[in-house]
Asker: 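Below is one structure. I have some questions about it.
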Amino acid sequence: MHSSAIFLIEFGAIILGLGLLGRLAGRLQFSPIPLYLLAGLAFGEGGLLPLGASEEFVAIGAEIGVILLLLMLGLEYTASDLVSNLKSQYPAGLVDMLLNAVPGAILALLLGWGPVAAVALAGVTWISSSGVIAKVLSDLGRLGNRETPVILSILVLEDLAMAVYLPIVTALLAGVGLAAGSVTLAIALGVAGLVLFVAVRYGRVISRFVSSDDAEKLLLVVLGLTLLVAGLAQQLQVSAAVGAFLVGIALSGEAAEGAHNLLAPLRDLFAAVFFVFFGLHTDPQSIPPVILPAFVLAVVTALTKIATGWWAARRAGISGKGRWRAGGTLVARGEFSIVIAGLAVTAGIEPQLGPLATSYVLILVILGPLTARYTEPIALRLTRKKAPADGIPAPAEATPAPASAMAPALETLEPVEGGRTERP
């Protein structure tokens, strides 16, 4: 059969299969990410039916998927929101990093993988899944809860930290020296700072330049600008993902809302391809040897995430049930963990890192929605605290806070017309 025909058949089967898996996940009411990873495992090396003709195209699609994930994430925030969160919530971000990055680094060192792999695995265990958490908050009806801005602030700080972390880990994986790595980090920080400054001062001007009433023109301009900046960032040894994230931050208002609506289907398509691509490069036979350390790491970092949310909610003045809800909601890992592990796998620093990350994400992306729902009642039962009786109003943390107190943080979660402020 002609190679182009084989390509169309294989790639068409991949897209159709992803659509059916996504529909199945929707009916089961959980994230489709584990199903996409399992599909990649089934069709990759050592799987049931290895692909051949379409693998190169899938690799390109996966790279575009990472860029679109970061672009859409940037579109969710304005520069002023990011600066405000940095000023008020940075202690929670530091606690989050220490409690959740350190276990991953320690495990990598205990397994003898070396310091570079330790930095990569630290990122895998550090970052929560914004997509899974946003869906859980919506499904459980908690968007108006007092603890939700705390959860959002931690997610925002993690996203910001990626603008610094990704250039560092990219430089380490590339094997550059200390001087070159310092230059890369300096460039990344300089570009990020410049973009934030320009976005704060001239965001409306940029958005007016990009904005268009014609959906086709808006899509082409935003997508073309994103890919161009991502390519330039990668050429400067920064990170294509960071470049895309900064483009998203620079856009605001109608331009951001319109771009969000137009790019959301593309993001979902190429992000799904990315997860499949990661699974394609993981041999299923390599998972059993790492399943035990992956499970132990998942349990440990689930507990540390719960502790992080509990501490951050306590610091924000939320007591009782709201603290446990905040902690349980943060447990899920997903897209960012796979992005970081994908960088490490591509660099070839440690063969077992990919299988371990795949197993780790599969465990926590399934466990995350469960901890979000059941951490509070289990914790209250263990601490022998009784929930309020029927007919008695719930504690303050379970009721919506005054709009003036929540507006800055909830701008990025509360759905509005056009979907601009709903997290992916």
Side-chain angles (χ1 to χ4, degrees), residues 90-130 154-155 157-178 181-182 184-185 188-189 239 241-242 278 282 286-287 289-309 311-312 327 330-365 367-368:
Y90 72 89
L94 292 175
V95 170
D96 180 35
M97 179 183 68
L98 291 174
L99 289 182
N100 298 286
V102 171
I106 291 175
L107 178 63
L109 294 175
L110 290 176
L111 293 174
W113 290 357
V116 177
V119 173
L121 191 56
V124 171
T125 59
W126 175 11
I127 307 300
S128 298
S129 171
S130 300
I154 292 175
L155 295 177
L157 288 168
E158 289 180 349
D159 299 338
L160 279 176
M162 286 296 96
V164 178
Y165 172 84
L166 286 177
I168 293 176
V169 75
T170 301
L172 290 174
L173 293 172
V176 301
L178 178 61
S182 300
T184 299
L185 178 58
L189 292 177
S239 170
V242 171
F278 186 82
T282 303
S286 65
I287 289 182
V290 298
I291 191 66
L292 181 58
F295 179 78
V296 172
L297 188 61
V299 171
V300 171
T301 53
L303 295 176
T304 54
K305 274 292 183 182
I306 292 174
T308 298
W311 184 88
L330 287 169
V331 166
R333 310 302 203 277
E335 55 274 14
F336 264 130
S337 298
I338 297 299
V339 168
I340 296 166
L343 293 174
V345 170
T346 302
I349 61 166
E350 174 52 52
Q352 288 187 314
L353 181 56
L356 188 143
T358 300
S359 305
Y360 175 80
V361 170
L362 283 172
I363 294 170
L364 286 185
V365 82
L367 183 63

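As a basis for the values below, the full set of heavy atoms in this structure was taken, side chains included, without hydrogen atoms, waters or symmetry mates. Note that the structure is a prediction, hence the values are computed from the model and not measured.
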Asker: When Thr125 is tested against each of Leu297, Ile106, Val102 for side-chain contact (heavy atoms from CB on, under 4.5 Å), which residue passes?
Answerer: Leu297

Asker: Please report the shortest heavy-atom distance between Pro289 and Ser286, naming the atom on each side.
Answerer: CD-O, 3.4 Å

Asker: Could you grab the distance from atom CD1 of Ile338 to atom CG of Leu343, nearest 0.5 Å is fine?
Answerer: 11.5 Å

Asker: Heavy atoms only: give me the nearest Ile127-Arg333 pair and the separation to one decimal.
Answerer: O-CD, 3.1 Å

Asker: For the pair Lys305 (side chain) and Trp126 (backbone), establish whether a donor and an acceptor sit closer than 3.5 Å, ignoring hydrogens and angles.
Answerer: yes

Asker: Where is the tightest heavy-atom contact between Ala302 and Val331, given as atom of each residue plus distance?
Answerer: O-CG2, 3.7 Å

Asker: With a 4.5 Å limit on heavy-atom distance, are the side chains of Leu107 and Tyr360 in contact?
Answerer: no

Asker: Distance-only, no hydrogens or angles: does the Tyr165 side chain make a donor-acceptor pair with backbone N or O of Val119 under 3.5 Å?
Answerer: yes

Asker: Would you name the heavy atoms of Ala357 and Val124 that are closest together and state the gap between them?
Answerer: CB-CG1, 4.3 Å

Asker: Keeping Ser359 on the side-chain end and Ile287 on the backbone end, is there a donor-acceptor pair under 3.5 Å?
Answerer: no

Asker: Which atom pair, heavy atoms only, marks the closest approach of Leu353 to Ala344?
Answerer: CD2-CB, 3.2 Å

Asker: Looking at Ala108 and Ala118, what are the two nearest heavy atoms and their distance?
Answerer: CB-CA, 3.5 Å

Asker: Do Leu330 and Asp96 have side-chain heavy atoms sitting under 4.5 Å apart?
Answerer: no

Asker: Say you draw a straight line from CZ of Phe295 to CG of Leu364; how long is it, rounded to the nearest 0.5 Å?
Answerer: 10.0 Å

Asker: Are a donor atom and an acceptor atom from the side chains of Thr304 and Asn100 found within less than 3.5 Å of each other?
Answerer: yes

Asker: Got a second to check how far Ile291's CD1 is from Leu362's CG, nearest 0.5 Å?
Answerer: 8.0 Å

Asker: Given side chains that start at C-beta, do those of Ile154 and Leu157 come closer than 4.5 Å, heavy atoms only?
Answerer: no

